[in-house]
Amino acid sequence: MTQIDDLPPLRDVIDRHGLSALKSLGQNFLLDLNLTARIARAAGSLTGRTVVEIGPGPGGLTRAILAAGAAKVHVVERDRRAIAALEEIAAYYPGRLHVTEGDALAVDTAALGDEPPVIMANLPYNIATPLLIGWLSPESWPPRWTAMVLMFQKEVADRITAQAGDDAYGRLGVLCGWRSHATQMFDISPKAFVPPPKVTSTVVHFTPRPEPLPCVQTDLEAVTAAAFGQRRKMLRQSLKALGVDPAALCAAAGVDPTARAETVPVKGFVDLANVWREMR
Ligand code: SAM
């Protein structure tokens, strides 16, 4: 195993700090520092960069990010037991690691640090999607973050990167496709985690689209909620939920009213959202 630093092995850190994995906090730890180095590399060069990491736990990915040359790393961790372990890493890399104890859902994580960050996380599955939606929905765009490297259950990663016509295509794919370029980098077997989760994970890389097609996000959300709420129905049926004539809406947006939501590309939903705004 390649050594990335002179800190103790993660198993020792976990034992010393009593970091037995808690299901309630979605804890599945990565102890292989070669693998965490590979995840850090998925962000491209981190030399001199600011990184925000959510849910560092005992710090396997944090150590890889620091060893990769990040100038500043801001971590937000909810588990009080992990804070002392993270402070040991901070002492090893003076002035470079800033540890916040808290709930990432209650912190403006993208605002941490002086420089626009790369956001990285092996996310607890129960908070992964709400955090992602928050990072894709700031009040002004482009967002503060420059890239994100996040791990999800493979099934969620498939929904994030799905294109029109894919089985996994839905509301999440439209939002992600509208605001970002999302690419699956590689899968991680359950065996790589302690304890192993039930499913395979996938590392996804995001870059923000500098200029997403103009559209009010709440309109896009309403249109996709109606369309995918009845995803097997034709749009002329499913879009009735929007309270306007669906045939006229589709005609004005240039979208086939006999199409089903799963075949409509992001641009079609943006056009529907913009026409709906004018019609209602
Ligand atoms: N990054 C570590 C790794 O790769 O080994 C730990 C990953 S573990 C899947 C998820 C981590 O997120 C845990 O350390 C857990 O305590 C933390 N966590 C869970 N909910 C959180 C929340 N709401 N805010 C911040 N951290 C949270």
Side-chain angles (χ1 to χ4, degrees), residues 1-43 46-47 49 51-104 109 118-128 131 148-154 185-204:
M1 193 180 283
T2 321
Q3 194 164 335
I4 64 164
D5 54 39
D6 293 325
L7 288 161
L10 284 160
R11 278 189 193 283
D12 295 359
V13 174
I14 286 172
D15 286 349
R16 202 154 33 82
H17 293 279
L19 285 172
S20 51
L22 294 176
K23 224 176 178 174
S24 58
L25 286 175
Q27 291 181 336
N28 302 95
F29 300 131
L30 287 171
L31 305 190
D32 178 350
L33 292 171
N34 286 315
L35 181 57
T36 56
R38 189 173 174 215
I39 298 168
R41 279 198 303 275
L46 290 176
T47 308
R49 305 296 308 273
V51 176
V52 167
E53 189 202 347
I54 309 304
L61 182 55
T62 320
R63 284 165 62 171
I65 293 167
L66 286 158
K72 299 269 182 207
V73 183
H74 296 265
V75 296
V76 181
E77 171 56 62
R78 191 167 188 175
D79 187 350
R80 175 161 297 171
R81 301 172 309 162
I83 303 301
L86 293 164
E87 291 296 356
E88 287 174 6
I89 305 173
Y92 183 84
Y93 289 101
R96 289 173 59 194
L97 176 60
H98 305 270
V99 181
T100 302
E101 181 190 337
D103 178 354
T109 45
V118 176
I119 298 177
M120 302 192 72
N122 172 12
L123 290 166
Y125 294 131
N126 55 334
I127 66 164
L131 281 173
M148 299 195 286
V149 173
L150 309 174
M151 285 172 55
F152 297 92
Q153 293 164 265
K154 182 154 189 54
M185 304 296 282
F186 52 88
D187 290 346
I188 301 184
S189 155
K191 282 185 282 187
F193 297 87
V194 177
K198 290 200 176 66
V199 293
T200 297
S201 300
T202 303
V203 176
V204 184

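Note that the coordinates shown come from a computational prediction; the quantities given were computed from them, not determined experimentally.
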Undergrad: Quick one: OG1 on Thr202 to CE on Met185, what's the gap to the nearest 0.5 Å?
TA: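 Spacing of OG1 (Thr202) from CE (Met185) equals 12.0 Å.
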Undergrad: Apply side-chain contact (heavy atoms from CB on, under 4.5 Å) to residues Ile14 and Leu31 and explain how you reach the verdict.
TA: CA-CA 10 Å; Ile14 286 172; Leu31 305 190; 3.5 Å; yes
Undergrad: Rounded at 0.5 Å granularity, tell me how far CG in Leu66 sits from CD in Glu53.
TA: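 The CD atom of Glu53 is 9.0 Å from CG of Leu66, to the nearest 0.5 Å.
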Undergrad: I'd like to check Pro8 versus Arg16 (side-chain heavy atoms, cut-off strictly below 4.5 Å). Are they in contact?
TA: yes
Undergrad: Roughly how far, to the nearest 0.5 Å, is the OG atom of Ser201 from the CD1 atom of Ile39?
TA: 9.0 Å
Undergrad: Report the C-alpha separation of Leu35 and Ile188 in whole Å, then their side-chain angles, then the decisive distance to 0.1 Å, and conclude whether the side-chain contact (heavy atoms from CB on, under 4.5 Å) test is met.
TA: CA-CA 9 Å; Leu35 181 57; Ile188 301 184; 3.8 Å; yes
Undergrad: Kindly compute the distance separating CZ (Arg81) from CG (Leu22), expressed to the nearest 0.5 Å.
TA: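 Between Arg81 CZ and Leu22 CG, I get 4.0 Å after rounding to 0.5 Å.
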Undergrad: Measuring from Ile54:CD1 to Leu61:CG, what's the distance to the nearest 0.5 Å?
TA: 11.0 Å
Undergrad: Quick one: which residue pairs count as a ring pair (Phe, Tyr, Trp, His ring centres under 6.0 Å) with a foot in residues 53-98, not counting sequence neighbours?
TA: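 Sorted pair list: His74-His98.
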Undergrad: What is the minimum heavy-atom distance between Ala85 and Val13, and which atoms define it?
TA: CB-CG1, 3.7 Å
Undergrad: If I compare all heavy atoms of Gln27 with all of Ser20, which pair ends up nearest, and what's the gap?
TA: OE1-O, 3.8 Å
Undergrad: Is it the case that the side chain of Asn28 and the backbone of Val194 share a donor-acceptor pair, with hydrogens and angles ignored and the cut-off at 3.5 Å?
TA: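 Side chain of Asn28 to backbone of Val194, a donor-acceptor pair under 3.5 Å: no, none is there.
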Undergrad: Which heavy-atom pair separates Gly57 from Phe29 by the least distance, and what is that distance?
TA: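 Of all heavy-atom pairs spanning Gly57 and Phe29, the closest is CA-CE2, 4.1 Å.
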Undergrad: The test is side-chain contact (heavy atoms from CB on, under 4.5 Å); show your working for Arg38 and Val203 and say whether it passes.
TA: CA-CA 10 Å; Arg38 189 173 174 215; Val203 176; over 6 Å; no
Undergrad: Can you see which heavy atom on Ala21 is nearest to which on Pro195, and at what distance?
TA: CB-CD, 3.4 Å
Undergrad: Within the supplied structure, the quantity of interest is the number of heavy atoms (other residues, nucleotides, ligands) at a distance under 6.0 Å from Arg11 CZ; does it exceed 12?
TA: no
Undergrad: Is the backbone of Thr36 close enough, under 3.5 Å, to the side chain of Arg63 for a donor and an acceptor to pair up by distance?
TA: no
Undergrad: Taking atom CZ of Arg41 and atom CD1 of Ile65, what is their separation to the nearest 0.5 Å?
TA: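 If I round to the nearest 0.5 Å, the distance is 13.0 Å.
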Undergrad: For the backbone of Gly95 and the side chain of Lys72, can you confirm whether one donor and one acceptor N or O come within less than 3.5 Å of each other?
TA: yes
Undergrad: Taking all atoms of both residues into account, what is the closest heavy-atom pair of Leu97 and Leu86, and its distance?
TA: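 Between these two residues, the closest heavy atoms are CD2-O, 3.5 Å.
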Undergrad: Compare every heavy atom of Leu10 with every heavy atom of Gly59, then report the nearest pair and how far apart it is.
TA: C-CD2, 4.2 Å
Undergrad: Check whether any side-chain N or O of Arg96 sits under 3.5 Å from a backbone N or O of Ala70 as a donor-acceptor pair, and report yes or no.
TA: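 The answer is yes, because a donor-acceptor pair under 3.5 Å joins these two groups.
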